[in-house]
Amino acid sequence: MKTVVIYKSNTGYTKEYALMLSESLHCDVIPLDRIKTLNLTDYDTIIFGGGVRASKITGIKSLIKRLPQDDSQNIILFAVGANGLSDHNTQELRAKNLVENNIDYPLFYMQGGFDPEKLNFALKIMLQGLAKSMKKKADKDPKSLSQEDKDFLAFFQDKHDEVSNDNTLPLISFVEGLERE
């Protein structure tokens with residue numbers, strides 16, 4: 001079975017996972033912006049990964065436009081975000097990416113990390129504004145913040161990297177299962 005990993009990475013965490021998957025699955029890896037150089041019909045399995053911004057997987061719409069229209073290929077998605085893995089997070093990703101785009105592919109989530117130095121200016125300003133607003137809200141009424149809000153504030157204070165080969169194992173197992181079929 002011939003497999004390719006395609007990725008869209010803005011901060012490097014998705015690229016790290018794409019390279020890990022490529023190494024583990026012994027397959028090609030290519031950034032989304034070079035997808036025009038590929039004949040996607042040459043692949044039995046296409047794995048696409050993108051970073052998460054506002055519950056949207058970056059690059060997914062570009063990928064969908066380029067996918068072959070036959071249903072003979074296995075299409076697998078992975079999303080990389082700063083948040084930890086949770087059912088709520090996964091359901092929201094499915095709703096905002098699969099349901100809204102009328103697709104039904106397997107979706108895996110992997111925690112990336114956070115590094116303020118890797119953010120573009122607009123995103124830095126947006127996160128700073130959101131954090132400032134939440135802090136003001138908490139100062140007025142400490143009980144007004146949900147646990148998710150508190151986790152958000154704690155998470156975006158310092159640089160951290162949660163990328164791990166262990167996070168790729170569910171996706172790798174899934175692909176290996178397809179190969180055995």
Side-chain angles (χ1 to χ4, degrees), residues 1-35 43-60 62-63 74-98 103-120 123-124 126-127 130-131 146-181:
M1 178 154 64
K2 192 168 180 189
T3 301
V4 63
V5 177
I6 301 168
Y7 67 91
K8 171 73 173 146
S9 185
N10 294 319
T11 57
Y13 300 110
T14 304
K15 181 179 181 179
E16 283 185 65
Y17 277 122
L19 294 172
M20 287 177 192
L21 290 166
S22 172
E23 185 176 318
S24 294
L25 296 169
H26 310 289
C27 66
D28 298 335
V29 61
I30 188 165
L32 181 63
D33 61 0
R34 291 195 32 229
I35 195 173
Y43 296 94
D44 302 300
T45 301
I46 298 170
I47 301 169
F48 173 75
V52 176
R53 292 241 171 106
S55 298
K56 299 280 189 171
I57 301 170
T58 57
I60 194 167
S62 295
L63 174 79
N74 300 304
I75 311 295
I76 303 163
L77 306 174
F78 71 94
V80 178
N83 295 330
L85 179 62
S86 72
D87 288 337
H88 171 75
N89 186 22
T90 303
Q91 289 171 353
E92 189 171 359
L93 284 171
R94 284 189 177 290
K96 299 261 181 169
N97 295 279
L98 302 180
I103 56 176
D104 187 23
Y105 303 132
L107 173 65
F108 296 84
Y109 180 79
M110 300 172 201
Q111 188 174 12
F114 177 73
D115 184 348
E117 298 303 314
K118 292 182 177 182
L119 300 177
N120 65 38
L123 195 53
K124 280 183 190 179
M126 183 192 77
L127 284 174
L130 186 57
S146 68
Q147 186 58 47
E148 190 174 82
D149 292 340
K150 292 174 189 174
D151 292 345
F152 173 86
L153 282 172
F155 187 86
F156 289 106
Q157 298 303 309
D158 299 310
K159 174 181 172 179
H160 54 92
D161 186 340
E162 305 299 328
V163 174
S164 166
N165 273 310
D166 290 346
N167 295 337
T168 66
L169 296 178
L171 193 153
I172 291 168
S173 294
F174 183 84
V175 172
E176 290 172 343
L178 292 173
E179 291 172 353
R180 287 190 290 272
E181 288 180 2

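Values reported hereafter were calculated over all heavy atoms of this structure, with side chains retained and with hydrogens, waters and symmetry mates removed.
- Proximity of a side-chain donor or acceptor of Asp115 to a complementary backbone N or O of Lys159 within less than 3.5 Å is not detected.
- Using a distance-only test at 3.5 Å, with no hydrogens or angles considered, no donor-acceptor pair links the side chain of Asn74 to the main chain of Tyr105.
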Hey, mind stepping through Lys8 and Asp33 against side-chain contact (heavy atoms from CB on, under 4.5 Å) and telling me if it holds?
CA-CA 8 Å; Lys8 171 73 173 146; Asp33 61 0; over 6 Å; no
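- Leu93 approaches Tyr109 most closely through the heavy-atom pair CD1-CD1, 3.4 Å.
- Taken from OH in Tyr13 to CD in Glu162, the straight-line distance is 9.0 Å, to the nearest 0.5 Å.
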List, one per line, each side-chain donor-acceptor pair under 3.5 Å for residues 15-28, sequence neighbours excluded.
residue: Tyr17; atom: OH; partner: Gln111; partner atom: O; Å: 2.6
residue: Tyr17; atom: OH; partner: Ser164; partner atom: N; Å: 3.3
residue: Tyr17; atom: OH; partner: Asn167; partner atom: ND2; Å: 2.7
residue: Ser22; atom: OG; partner: Cys27; partner atom: O; Å: 2.5
residue: Ser24; atom: OG; partner: Met20; partner atom: O; Å: 3.2
residue: His26; atom: ND1; partner: Glu23; partner atom: O; Å: 3.4
residue: Asp28; atom: OD2; partner: Tyr43; partner atom: OH; Å: 2.7

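- Taking the side chain as every heavy atom from C-beta outward, Leu169 and Asp166 approach each other to under 4.5 Å.
- The two residues Met110 and Leu171 make their nearest non-hydrogen contact at CE-CD1, 3.8 Å.
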Checking side-chain contact (heavy atoms from CB on, under 4.5 Å) for the pair Val4/Val29: CA distance, chi angles, key distance, verdict?
CA-CA 6 Å; Val4 63; Val29 61; over 6 Å; no
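- Across Ser9 and Gly12, no two heavy atoms sit closer than the pair OG-N, 3.0 Å.
- Rounding to the nearest 0.5 Å gives a distance of 14.0 Å between CD1 of Ile47 and OH of Tyr7.
- In terms of heavy-atom proximity, Phe48 sits nearest to Gly50 at CE2-N, 4.0 Å.
- A pairwise comparison of heavy atoms in Lys56 and Lys96 identifies NZ-O, 3.5 Å as the closest pair.
- Side-chain atoms of Thr58 come within 3.5 Å of backbone atoms of Gly51 as a donor-acceptor pair (strictly under, hydrogens ignored).
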Cut-off 3.5 Å, no hydrogens considered: what does the side-chain donor-acceptor table look like for residues 76-87, sequence neighbours left out?
residue: Ser86; atom: OG; partner: Asn89; partner atom: N; Å: 3.0

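- Here the closest heavy-atom approach between residue Ile46 and residue Ile6 is recorded as CG2-CD1, 3.9 Å.
- Inter-residue side-chain proximity for Phe108 and Thr90 is flagged as unmet; no heavy-atom pair is nearer than 4.5 Å.
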Using side-chain contact (heavy atoms from CB on, under 4.5 Å), reason through Ile75 and Ile103 one step at a time and then give a plain yes or no.
CA-CA 10 Å; Ile75 311 295; Ile103 56 176; over 6 Å; no
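- Between Lys2 and Asp44, none of the side-chain N atoms (NZ, or NE/NH1/NH2) sits under 4.0 Å from a carboxylate O, so this pair counts as no salt bridge.
- Residues Arg94 and Leu107 are in side-chain contact: their nearest non-hydrogen atoms beyond the backbone lie under 4.5 Å apart.
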